[in-house]
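Working notes for the structure below.
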2 protein chains.
Amino acid sequence: MKKGAISWQSLRAEALRRICDQEWLPGELIPNEAELAQEFGCARTTVNRALRDLAESGYLERKRKGGTRVALTPVRKAIFEISIIRQDVEARGQDYGYTLLSDRCDAEVPASVHAALRLKSAVPLRHVCGLHLADGRPFCLEQRWLNPAVVGPEQKFDAISANEWLVRNLPFAHGTLSLYAVSADARLAQIMDCAVGTALFSMDRTTFSDTHSITAVTLIYGSGFRMETDIN
Amino acid sequence: MKKGAISWQSLRAEALRRICDQEWLPGELIPNEAELAQEFGCARTTVNRALRDLAESGYLERKRKGGTRVALTPVRKAIFEISIIRQDVEARGQDYGYTLLSDRCDAEVPASVHAALRLKSAVPLRHVCGLHLADGRPFCLEQRWLNPAVVGPEQKFDAISANEWLVRNLPFAHGTLSLYAVSADARLAQIMDCAVGTALFSMDRTTFSDTHSITAVTLIYGSGFRMETDIN
DNA sequence: AAGTGGTCTAGACCACAAA
DNA sequence: TTGTGGTCTAGACCACTTG
């Protein structure tokens with residue numbers, strides 16, 4: 001950056017300090033961009049960059065003509081990255097393994113799956129089940145419904161999991177995510193190597209491309225699993 | 001914006017289209033900012049804004065001198081907002097209620113809590129338990145340890161939950177978040193009005209200010225609760 | 001050494017919302 | 001009507017990283 005100039009990061013830091021120290025009170029109007037530019041001896045563009053960033057982070061609320069106010073209840077956010085399960089396991093320093101349990105085109109699609117994927121006609125879906133292992137022990141059970149219009153039947157998921165194949169080949173999907181707890185029934189207990197009735201952490205995801213429904217998946221994690229992240 | 005000019009949003013959209021349509025292949029170098037500015041007939045600043053935004057969203061990887069590449073495995077993100085439980089309940093269209101269950105300064109702090117809050121000396125912590133209700137039924141059990149150096153004993157949590165008080169009064173905290181499943185024991189089953197052994201969705205949060213450990217809380221949600229969000 | 005993205009400037013016009 | 005933030009421009013220098 002130019003010598004002697006004030007960076008937008010340092011301006012952001014100073015503004016954040018004033019917010020945290022309540023020099024600028026919650027709900028209160030702060031000076032406008034031109035005034036702050038003069039105070040800090042920089043261009044208005046630089047002030048704009050700093051305040052825009054703080055607004056994106058939830059600290060400020062900005063409106064044309066209305067000015068900039070300190071947010072009354074700043075919304076804190078927790079961000080979870082949707083990654084490949086293999087990479088999650090390896091990031092824990094454990095050996096990764098994968099077993100394909102079943103793969104069939106199933107005409108009997110549960111109504112809930114049909115609705116979640118917003119399918120109109122009674123399209124047959126492909127059902128793929130696989131077990132992800134960490135150090136040889138069950139880590140995550142993947143139960144997935146695939147739209148055959150998107151993933152052809154020639155694609156096999158015995159060597160590479162459907163999870164990894166989809167992330168690598170259809171990365172630009174959007175969708176929904178739902179987290180919940182489920183109690184292990186006899187079948188789950190056997191697969192996940194835990195007692196019947198164990199509480200298991202679970203996740204449903206549905207993903208869509210711009211034009212198609214792609215997949216609905218239920219991931220059930222082994223006993224004791226925790227999904228962790230930072231707040232900010 | 002100026003008439004006839006190309007907005008950074010439309011430039012971003014066009015670049016994203018090229019990525020999704022694989023006109024720019026994963027891992028491949030795309031034209032540099034100056035070239036794109038010429039192609040689109042705009043200033044380099046505008047190109048920079050668009051590409052920087054795509055990089056923040058995980059679609060591109062940028063390096064000085066190294067140029068800009070399409071990300072090999074774009075990282076999708078799910079964002080959860082940390083809100084006030086009362087507002088969560090009201091957003092569902094249900095009536096909110098709150099009951100304080102217990103509030104005492106407890107010298108016997110579990111080692112796990114002590115460690116999570118990174119406390120050095122054996123500080124006594126305040127322990128507050130409260131039950132959040134939706135339409136009169138148990139919605140979320142809040143079990144919280146508070147640092148008395150941050151929240152004085154004069155602050156009562158019978159009318160307002162500790163959750164809401166903290167979000168309103170100490171909003172600028174960072175911390176950690178952990179999601180998991182827990183099986184209801186006899187005490188939990190009674191409080192949450194469910195069968196013993198029911199799998200319950202649960203969340204641990206620890207929060208810190210710049211200078212202090214503030215609180216460690218365990219939130220246990222009622223049977224059937226799902227935490228939902230969008231991908232993108 | 002050289003090329004690329006990162007940032008700052010000064011000025012301008014515009015879009016939106018409040019008065 | 002007016003004030004505020006949102007954005008674009010053209011130019012400049014700088015920092016980082018690669019060769």
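Here is the naming used below: chain letters follow the sequence lines, and residue numbers restart at 1 for every chain. Model, not experiment: these values are computed from the prediction.
Contacts between residues 45-72 of chain B and DNA chain D, defined by a heavy-atom separation under 4.0 Å, are made by B/Thr45, B/Thr46, B/Arg49, B/Lys63, B/Arg64, B/Lys65. Contacts with DNA chain D (heavy atom under 4.0 Å) in residues 25-38 of chain A: A/Asn32, A/Glu33, listed by number.
With ring centers used as reference points, B/Phe225 lies under 6.0 Å from B/Phe139.
In this structure, CZ of A/Arg12 is placed 17 Å from C1' of C/dG6, rounded to the nearest angstrom.
Between B/Arg52 and B/Glu33 there is no salt bridge, since no side-chain N of the basic residue sits under 4.0 Å from a carboxylate O of the acidic one.
Between the side chain of A/Arg205 and the main chain of A/Leu177, no donor-acceptor pair closer than 3.5 Å is present. Judged purely by atom type and a 3.5 angstrom limit, A/Asp21 has no side-chain atom pairing as donor or acceptor with the backbone of A/Glu23.
Judged by distance alone with a 3.5 Å cut-off, a donor-acceptor contact links the side chain of B/Arg44 to the base of C/dG6.
In B/Lys77, the NZ atom is crowded: over 12 heavy atoms of neighbouring residues, nucleotides or ligands sit closer than 6.0 Å. The number of heavy atoms from other shown groups lying within 6.0 Å of CZ (B/Arg137) does not exceed 12. Around the CD atom of B/Gln38, the shell of radius 6.0 Å holds no more than 12 heavy atoms that belong to other residues, nucleotides or ligands.
Each of B/Leu25, B/Ile19, B/Leu54, B/Leu29 was evaluated against B/Val70; a single residue qualifies, B/Ile19, per the side-chain contact (heavy atoms from CB on, under 4.5 Å) test.
In this structure, B/Gln9 does not reach the D/dG6 phosphate: none of its side-chain N or O atoms is under 4.0 Å from OP1 or OP2.
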